[in-house]
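These values consider heavy atoms only, across backbone and side chains, with no hydrogens, waters or symmetry-generated copies.
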Amino acid sequence: MGYRWRRAALAVLVASAVTLPVVGAARPRTPAPPPVTLAPPTAATLDAAYTAHTVAAGAGSPLGAGEAVARRAGVDAANPAHPAPAAAAARMAADHGDRRRAAADRALAGPDRQLLAFDGRGPGRVTEVLGDLAHADRVAVLVPGSGTGIDTYGRFRATAEALHARLVREAPAGIRTAVVAWLGYETPGTVTAAVATTGRADRAAPELRSLVDDLRTVSGPRAHVSLICHSYGSVVCARAAAGLVVDDIAVVGSPGTGVDTAAALRTRARIWAARGADDWVANVPHLSADLFGTTVGFGTDPVAPEFGARVFTAGDGGHGDYFAPGSPSLANLTRIVLGRTTAVTRD
């Protein structure tokens with residue numbers, strides 16, 4: 001009976017891989033200018049980088065202002081490989097008739113936003129910093145799951161805001177914190193075949209490693225860095241984990257990581273896992289098979305004892321509730337980022 005059930009589950013995944021790509025193919029992509037190309041950030045160039053990317057997202061600055069911002073950030077506006085951010089993504093989206101995207105781009109260009117990267121093309125990619133990254137002692141990197149893009153970025157940013165607010169409130173005196181909302185890869189659609197395979201995660205992993213290297217350059221080796229990976233984002237974190245210089249990796253609402261044990265991640269980081277009592281991902285079959293040249297499914301449940309993670313309390317919430325203010329999961333994620341590991345409540 002168990003064998004037949006496993007075969008049936010795999011059949012469903014394979015059928016999805018064959019039929020569901022059509023679902024996401026119909027929506028045309030909103031045009032946007034190429035992203036600003038900058039040298040890797042340092043503490044000294046961080047503010048200029050924020051400015052350059054914010055202008056790139058915004059609703060049309062004069063050409064001269066764009067060039068000035070680019071030069072302050074170390075961009076050669078005369079070099080085609082390093083374009084000045086004069087063409088605004090919001091304006092292009094508006095001209096294309098995509099009001100939703102234009103509004104999202106304009107929000108990203110707000111005066112209080114700190115964008116470490118911005119690419120408005122296609123679903124879009126954004127890296128945003130909350131807090132003082134250059135002087136942070138504790139840095140949390142949030143990695144989102146499926147269905148996240150610029151159009152839905154507001155929801156993702158709200159999770160970063162919730163974590164940052166609690167970190168600021170609970171950090172000991174003299175400890176500075178920062179949260180990095182990393183939408184640095186093209187996430188799979190929630191109802192597409194890609195969400196059942198490791199392909200997007202494999203392509204995203206080098207980008208996540210590069211981000212962590214940049215954060216280490218900006219904040220210095222003393223900073224404690226934690227990855228907090230939601231849903232499919234846990235597959236991305238797992239693919240990037242080997243040799244990554246981070247202190248903690250916490251996966252929440254994870255369908256699996258693509259490996260059978262925490263030890264197989266080959267990282268010195270502490271591995272944490274949690275799942276809310278009402279999270280539908282508990283019903284995802286924890287299987288893995290190589291089919292048609294790709295891996296379908298993600299293997300062992302990260303909250304299962306045999307996986308070997310430190311399982312912490314997440315409460316009664318659903319798949320989107322891990323960062324809800326007042327939730328046990330947010331409290332425990334805050335403790336993990338702050339290094340208060342003995343205070344983490346465990347399941």
Side-chain angles (χ1 to χ4, degrees), residues 23-38 49-62 65-66 69-70 73 83-131 141-165 179-192 194-195 200 204 207-208 211 228 230-233 236 319-320 323-324:
V23 175
R27 190 178 187 274
R29 293 192 167 211
T30 301
V36 176
T37 303
L38 305 178
Y50 291 156
T51 303
H53 292 298
T54 300
V55 171
S61 297
V69 168
R91 178 175 291 171
M92 289 183 73
D95 290 344
H96 186 68
D98 191 338
R99 295 181 180 178
R100 181 183 184 187
R101 174 60 63 83
D105 288 339
R106 282 194 292 270
L108 283 163
D112 60 335
R113 308 300 281 264
Q114 298 183 142
L115 303 188
L116 200 55
F118 172 81
D119 185 350
R121 298 172 299 179
R125 302 185 185 194
V126 180
T127 302
E128 184 172 9
V129 177
L130 285 72
V141 180
L142 303 192
V143 181
S146 63
T148 310
I150 287 180
D151 291 341
T152 58
Y153 179 76
R155 293 200 299 267
F156 177 47
R157 187 178 194 264
T159 67
E161 290 178 307
L163 178 61
H164 185 243
V179 174
V180 180
W182 184 74
L183 176 56
Y185 76 110
E186 186 172 337
T187 68
T190 305
V191 288
T192 63
V195 80
R200 295 286 177 91
E207 303 297 331
L208 181 55
L211 172 78
I228 300 178
H230 178 242
S231 194
Y232 187 87
V236 176
H319 196 62
F323 299 87

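- Residues D151 and R101 are in side-chain contact: their nearest non-hydrogen atoms beyond the backbone lie under 4.5 Å apart.
- We find the OG1-CE distance between T30 and M92 to be 10.0 Å, quoted to the nearest 0.5 Å.
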* To do: Would you please test L208 and W182 for side chain to side chain contact (heavy atoms under 4.5 Å, CB included) and show each step?
  => CA-CA 8 Å; L208 181 55; W182 184 74; 3.8 Å; yes
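- In terms of the side-chain hydrogen bond (donor to acceptor under 3.5 Å, both in side chains) criterion, residue partners of S231 (sequence neighbours excluded) are, by chain and number, H319.
- Partners of A104 by side chain to side chain contact (heavy atoms under 4.5 Å, CB included), not counting sequence neighbours, listed by chain and number: I150.
- For the side-chain hydrogen bond (donor to acceptor under 3.5 Å, both in side chains) test, residues two or more places apart in sequence or in another chain that qualify with E186 are R29.
- A donor-acceptor pair is defined here as one N or O able to donate and one able to accept, closer than 3.5 Å; such a pair exists between the side chain of Y185 and the backbone of P144.
- For the side-chain hydrogen bond (donor to acceptor under 3.5 Å, both in side chains) test, residues two or more places apart in sequence or in another chain that qualify with S146 are T190.
- In this structure, NE2 on H164 lies 13.0 Å from OG1 on T159, to the nearest 0.5 angstrom.
- Here the closest non-hydrogen pair linking L115 and L108 is CD1-O, 3.6 Å.
- With sequence neighbours excluded, the residues satisfying salt bridge (Lys or Arg N to Asp or Glu O under 4.0 Å) with R157 are E128, E161.
- T127 contributes no side-chain N or O that, together with a main-chain N or O of L116, makes up a donor-acceptor pair within less than 3.5 Å.
- Of the inter-residue distances, the one linking Y50 atom OH with D112 atom CG reads 12.5 Å to the nearest 0.5 angstrom.
- Among residues two or more places apart in sequence or in another chain, the side chain to side chain contact (heavy atoms under 4.5 Å, CB included) test is passed with A102 by A93, A94, R106.
- The aromatic rings of F156 and Y153 sit perpendicular, their planes meeting at an angle over 60°, well past the 30° parallel limit.
- Interatomic distance, OG1 of T152 versus CG of L183, reported as 7.5 Å (0.5 Å rounding).
- Interatomic distance, CG of D105 versus CZ of R100, reported as 12.0 Å (0.5 Å rounding).
- From T148, atom OG1 reaches atom CG of L142 across 11.0 Å, with rounding to the nearest 0.5 Å.
- Taking all atoms of both residues into account, the shortest heavy-atom contact from V236 to A204 is CG1-CB, 3.8 Å.
- In this structure F323 satisfies the ring-ring contact (aromatic ring centres under 6.0 Å, His included) test with no other residue, sequence neighbours excluded.
- Looking at every heavy atom in both residues, A57 comes nearest to A109 through C-CB, 4.0 Å.
- With contacts defined as side-chain heavy-atom distances shorter than 4.5 Å, the pair H53/L38 qualifies.
- Of all heavy-atom pairs between R121 and P35, the closest is NH2-CD, 3.2 Å.
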